[in-house]
Number of protein chains: 2
Amino acid sequence: MAILPANKQLRLAVQVFETVKEEIVSGALPPNAQLSEAELSDRLGVSRTPVREALIKLSEDGLVRIIPQVGTFVAPISIDSVNEAQFIREHLECALIVDAVRRMDKATLRLLQDNLEQQERAVRYDDWDKFYELDEALHTLLAKASGHLQTWRIVQQSKVHMDRVRHVSFRMPDHMAKLTGQHKAIVDAVAQGDEVKAREALRCHLREIITTVEKLGLSETGQDLPPSRRRSARS
Amino acid sequence: MAILPANKQLRLAVQVFETVKEEIVSGALPPNAQLSEAELSDRLGVSRTPVREALIKLSEDGLVRIIPQVGTFVAPISIDSVNEAQFIREHLECALIVDAVRRMDKATLRLLQDNLEQQERAVRYDDWDKFYELDEALHTLLAKASGHLQTWRIVQQSKVHMDRVRHVSFRMPDHMAKLTGQHKAIVDAVAQGDEVKAREALRCHLREIITTVEKLGLSETGQDLPPSRRRSARS
DNA sequence: AATGGTATACTACCATGGCAGCGTGTCAAC
DNA sequence: GTTGACACGCTGCCATGGTAGTATACCATT
């Protein structure tokens, strides 16, 4: 059962990590679902060693909780994790964009504006997945322009908890249009070369997630583990 | 050969990670030294599996470089890594201290001032190791007071590259006294409840590492791997 | 002497086996 | 009905064996 895409360049453990991470963030694997080395290695067609390494990394990122001799479970979406991720992201990414503005060149500025146009198209077609992808690409473009690649890696690492929320929030009415407007404000400020304006526009944009969490009424449900073992409820 | 401290509560892989990390940061393992799974598992008295997991985590933190089928080498102290770590730390820790001031209570304030007194004593005795330990404790106290534990974990993770430099810099004349003065300025501002003053004092303190790097004339030597394999040069 | 081909030693990577620890179900004793 | 003891099954953890891939050393060829 080789569900994993054939890729000899990357270690199996990394491929497993990416796959399971995607399944958790997208919601395919619900909170508190049980993941065992044996089950995953069987499902993905690899041995238990790379699976184990992937699970350890997932636990370091806070996406799963490993309890020795008991089991491994998908971590619930805790408000604390989201708030903390927001804190980290806001302070780092707002610092990034300042340097990005200073080092901005015409080529990447053009890419940013192209991205915006595609976003507006995705909004018109209600294409959630495409919008998600473009959203990611926009922020990554700014990060790369700043030159702080390692910092961006940290942000991405912390960001996963927010991404779990975002995957739900995009279904909210008019949400994508609102975000696109914020993106536009950011890129406009960047185009003007106004560092402070860009930073504050980004800050405002990033704080959107807080109000989103409140709107969704995300509670701390499922914070503790289930009393009885339950298997993954995948379709 | 069980060099590892007996600790059944922690996974072996974590213990190996902590041990090797300490050896790299302290300089016991010099840049470009070769670390192989077999050699380490032999030296530490554990099997290759936990060693391998530790090396993977070390590579994720940027302390070693793993080249598949070739070898694992201690990463050189690159200026880029230090600068990037400084960037991350400054922006996160300066944000932390603001919340720390707001939530400060008398008990921790007392601990901070106690710590300062011990620092002055360590300076008088030229006790580098003790000072290093107190320095760590001071920053950790502030971080815990802020309540942002996850953020502090990120800072600690990024900080290791600076720590490699710090282990050398403490030997510089009057360096510890200078740092103690900066620590005092920070704690004074915290005691006064002045968030902005505390943040700027901390920022000034953190930027000390940059001038230190310049003073040491740290170059990018050893950036590329040696042409011929060389074994670890441990004593 | 310079070069090309090959054997070999060593590496990180993955697969698999064994094990201690924990949860749970069963059943006897009260 | 309640409680306690015990055995079983499952889990993650660690040890070990096998393998593909790389760099080096060696030697034949030119």
Side-chain angles (χ1 to χ4, degrees), chain A residues 1-4 6-20 32-60 63-75 224-232, chain B residues 1-4 6-20 32-60 63-75 224-232:
Chain A
M1 287 204 189
I3 312 253
L4 257 47
N7 186 348
K8 302 250 303 179
Q9 301 307 314
L10 232 55
R11 282 173 32 223
L12 278 181
V14 176
Q15 298 182 46
V16 172
F17 170 79
E18 298 287 353
T19 302
V20 179
N32 292 325
Q34 181 167 13
L35 304 170
S36 76
E37 294 179 358
E39 175 214 332
L40 275 175
S41 67
D42 186 45
R43 179 157 72 86
L44 299 178
V46 297
S47 88
R48 302 197 318 270
T49 303
V51 169
R52 173 175 154 72
E53 290 169 2
L55 290 178
I56 289 174
K57 185 153 168 49
L58 284 170
S59 78
E60 287 166 355
L63 286 178
V64 307
R65 170 116 183 264
I66 298 177
I67 306 177
Q69 329 305 345
V70 176
T72 302
F73 307 89
V74 175
D224 45 0
L225 287 173
S228 170
R229 296 188 189 181
R230 55 183 65 161
R231 291 272 152 201
S232 158
Chain B
M1 288 206 184
I3 313 250
L4 257 46
N7 186 347
K8 301 249 306 178
Q9 301 307 315
L10 231 56
R11 280 170 36 218
L12 278 180
V14 176
Q15 298 182 46
V16 173
F17 170 79
E18 299 287 353
T19 302
V20 178
N32 291 326
Q34 180 166 14
L35 304 170
S36 74
E37 294 179 0
E39 175 213 332
L40 275 175
S41 67
D42 185 47
R43 179 157 72 88
L44 299 178
V46 296
S47 87
R48 301 193 324 266
T49 303
V51 170
R52 173 176 155 74
E53 291 170 4
L55 289 179
I56 289 176
K57 186 154 166 47
L58 284 170
S59 78
E60 287 166 355
L63 286 177
V64 307
R65 168 118 183 264
I66 299 176
I67 306 178
Q69 328 303 348
V70 176
T72 302
F73 307 88
V74 175
D224 45 1
L225 287 172
S228 172
R229 296 188 190 183
R230 55 184 65 162
R231 292 273 151 199
S232 157

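Excluded from the calculations below are hydrogen atoms, water molecules and symmetry mates; all remaining heavy atoms, backbone and side chain alike, are included.
- Residues meeting the side chain to side chain donor-acceptor pair (under 3.5 Å) test with B:R52, sequence neighbours left out: A:E53.
- Atom CG of A:L35 is separated from atom P of D:dC10 by 18 Å (rounded to the nearest Å).
- For the pair A:E37 and B:P68, both in contact range of DNA chain D, the more 5′-proximal nearest nucleotide belongs to A:E37.
- In this structure, B:Q69 atom CD and C:dA12 atom C1' are separated by 5 Å, rounded to whole Å.
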Between protein and nucleic acid, restricted to nucleotides 6-8 of chain C and to nitrogen or oxygen atoms under 3.5 Å apart, what atom pairs and distances do you find?
none

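- No side-chain heavy atom of B:V46 sits less than 4.5 Å from a side-chain heavy atom of B:Q15.
- Across all strands, B:I66 comes closer than 4.0 Å only to sugar-phosphate atoms, never to a base (heavy-atom distances).
- Going from atom CD of B:Q15 over to atom P of D:dC13 covers 13 Å, rounded to whole Å.
- The CZ atom of A:R52 sits 9 Å away from the P atom of D:dG12 (whole-angstrom rounding).
- Straight-line distance from the CD atom of B:Q9 to the P atom of D:dG12: 19 Å, rounded to whole Å.
- Spacing between atom CZ of A:R11 and atom P of C:dT11 amounts to 18 Å, rounded to whole angstrom units.
- Here the side chains of A:L40 and A:V16 are not in contact, with every heavy-atom distance at 4.5 Å or above.
- The distance from atom CD of B:E37 to atom CG of B:D42, rounded to the nearest 0.5 Å, is 13.0 Å.
- A pairwise comparison of heavy atoms in A:Q34 and A:G71 identifies NE2-CA, 4.1 Å as the closest pair.
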Could you list, one pair per line, each protein nitrogen or oxygen that sits under 3.5 Å from a nitrogen or oxygen of nucleotides 15-18 of chain C, together with the distance?
{"from": "C:dA15", "atom 1": "OP2", "to": "A:S47", "atom 2": "N", "distance (Å)": "2.7"}
{"from": "C:dA15", "atom 1": "OP2", "to": "A:S47", "atom 2": "OG", "distance (Å)": "2.6"}
{"from": "C:dA15", "atom 1": "O5'", "to": "A:S47", "atom 2": "OG", "distance (Å)": "3.3"}
{"from": "C:dA15", "atom 1": "N7", "to": "A:T49", "atom 2": "OG1", "distance (Å)": "3.0"}
{"from": "C:dT16", "atom 1": "O4", "to": "A:T49", "atom 2": "OG1", "distance (Å)": "3.1"}
{"from": "C:dG17", "atom 1": "N7", "to": "A:R48", "atom 2": "NH2", "distance (Å)": "3.4"}
{"from": "C:dG17", "atom 1": "O6", "to": "A:R48", "atom 2": "NH2", "distance (Å)": "2.5"}
{"from": "C:dG18", "atom 1": "O6", "to": "A:R48", "atom 2": "NH2", "distance (Å)": "3.3"}

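- Rounding to whole angstrom units, CD1 of residue A:I67 and P of C:dG23 are separated by 9 Å.
- Considering OG1 of B:T19 and CZ of B:R43, their distance stands at 9.0 Å, rounded to 0.5 Å.
- Rounded to whole Å, atom P of C:dC10 lies 14 Å from atom CZ of B:F73.
- Between the OG atom of B:S59 and the CD1 atom of B:I67 there is a distance of 11.5 Å, given to the nearest 0.5 Å.
- Shortest non-hydrogen contact noted between B:I66 and B:P68 is O-CD, 3.7 Å.
- The CD atom of A:E60 sits 4.0 Å away from the NZ atom of B:K57 when rounded to the nearest 0.5 Å.
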